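The block underneath contains the structure these notes are about, expressed in structure tokens.
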Amino acid sequence: MSRQTIQSLTLPELTEAVTRMGEKPFRAKQLYEWLHVKLADDVSQMTNLPAAFRARLAEEYEFQPVRMAESFLSELDGTRKFLFQLADGSVIESVLMKYHYGNSVCISSQVGCRMGCRFCASTLGGLERNLDAGEMLGQVYQIQKISGERVSHVVVMGSGEPLDNYDAFVRFVRMVSDERGLHLSQRNITASTCGLVEQIRRLAQEKLQITLAISLHAPNDEKRRLLMPVANRYRIEEIIAACREYEEITGRRITFEYSLVKGQNDGVQDAKELANVLSGLNCHVNLIPVNPIKERDYEATEGPDAERFKNLLEKNHINATIRRKLGADIGAACGQLRKSYLERTKEVSS
Ligand code: SAH
């Protein structure tokens, strides 16, 4: 059986574990600082801890939840993509994006995904397993260490559905924003979901200050079902009601993501219908021309048509932005890199 990731333990949990090992509680604080402030992933660095204690820790826990396997730098915009290997050999991907307001890291929340969105590469092989909180933290920590620059924003928009891995995801948010750790502002954290209604409601009750992004991608249920199987489980109306609740309880503006797919959801009527669906909600729409993957023949909506869609939303009082495409030269769309890595390594080993 694999060892527990030590970075997943909160300070109270670490204190309990440390005292169980017969050490004084202050050792937990020292250890926590090594892990979450100094971002150490090797006990040999933890020189203020007794050697025997360090050896025992290393035996019982996993200290290196993620290790960089490969990285790719975009020559277009400095976006850097990372493939990380987990302790069990699984691979996940993360992205570092540089903006004028700081460095943003996009992390994965699961190995693969079971939501089945038609245009998404992450879901093609199904769900392998959930990540634990330490494996999510590890992606942020490693990228900060490798780049040598502070990470100021995190988006949980890589592979996986964060609300399908609810407990680990919420634990991650609390830990990455912990003032005794990396202390990221929760307002700088965005989590994207395909719209799991019960979990959105539950998340509202956690009283976090994170931004919730909903992957809507269609103005009505019929069109949504063609792109996202999850639309067979929840109606848009139910999702919007849960969003209203989230907004009322947290005071946070909701983001909607809308991938523009040529001829499928980018027409004049679609824009008007979408504006209608979102009217009265404190929200923002991110329009993302779909990033084509080779397994499907979806095409992106071109510039002027995307502009027209945006203008129609704005005319109907819905804020909208067309997202800049980052890392287009390094396969930065969800799951593309992991998939090509798995294909390449399979070819080599077979
Ligand atoms: N499961 C979550 C988060 C992961 S995907 C969710 O569904 O929101 C992050 C975002 O990228 C989602 O909005 C997803 O729909 C979108 N996405 C995935 N593949 C894409 C592609 N090929 N082109 C454009 N957007 C894509």
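Worth saying up front: this structure is predicted, and the values here are computed from it rather than measured. Both counts, for ligands and for their atoms, begin at 1 and track the order of listing.
Compare Ser215, Ser159, Pro292, Pro162 by their heavy atoms: the one nearest to atom 6 (C) of ligand 1 is in Ser215. Heavy-atom proximity to atom 24 (C) of ligand 1, evaluated over Cys113, Ser259, Ala121, Cys106, is greatest for Ser259. Of the options Ser192, Ser108, Gly158, Ser122, the smallest heavy-atom separation from atom 4 (C) of ligand 1 is shown by Gly158.
Here Cys194 has heavy atoms under 4.0 Å from ligand 1 in both its backbone and its side chain. With a heavy-atom cut-off of 4.0 Å, Glu161 touches ligand 1 through backbone and side chain alike. With a heavy-atom cut-off of 4.0 Å, Thr193 touches ligand 1 through its backbone alone. Under 4.0 angstrom from ligand 1, the non-hydrogen atoms of His217 all belong to its side chain.
With no hydrogens or angles considered, a side-chain donor-acceptor pair links Asp41 and Gln142 at under 3.5 Å. Between Glu149 and Asn103, the side chains place a donor N or O and an acceptor N or O closer than 3.5 Å (distance only, hydrogens not considered). Between the side chains of Tyr166 and Glu206, at least one donor N or O sits under 3.5 Å from an acceptor N or O.
Among the atoms of Phe119, some N or O lies under 3.5 angstrom from an N or O of ligand 1.
If you number the atoms of ligand 1 from 1 as listed, the ones under 4.0 Å from a heavy atom of Gly160 come out as 1 (N), 2 (C), 3 (C), 4 (C). Atoms of ligand 1 lying under 4.0 Å from at least one heavy atom of Cys120, given by number and element, are 18 (C), 19 (N). Set against the non-hydrogen atoms of Asn291, the atoms of ligand 1 under 4.0 Å away are 21 (C), 22 (N), 23 (N), 24 (C).
Note on ring orientation: taking the six-membered ring where Trp is involved, the planes of Phe82 and Phe84 are parallel (angle under 30°, cut-offs 30° and 60°).
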Run the side-chain donor-acceptor check on residues 299-306: report pairs under 3.5 Å with partners two or more places apart or on a different chain.
residue : atom : partner : partner atom : Å
Thr301  : OG1  : Asp266  : OD2          : 2.8

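Asp164 is not listed as a side-chain neighbour of Phe169, based on a closest heavy-atom distance of 4.5 Å or more.
Ring pair His153/Tyr99: centre-to-centre distance not below 6.0 Å.
Counting Ile, Leu, Val, Met, Phe, Trp and Tyr side chains that sit under 4.5 Å apart, directly or through other members, Val268 shares a hydrophobic cluster with Leu312.
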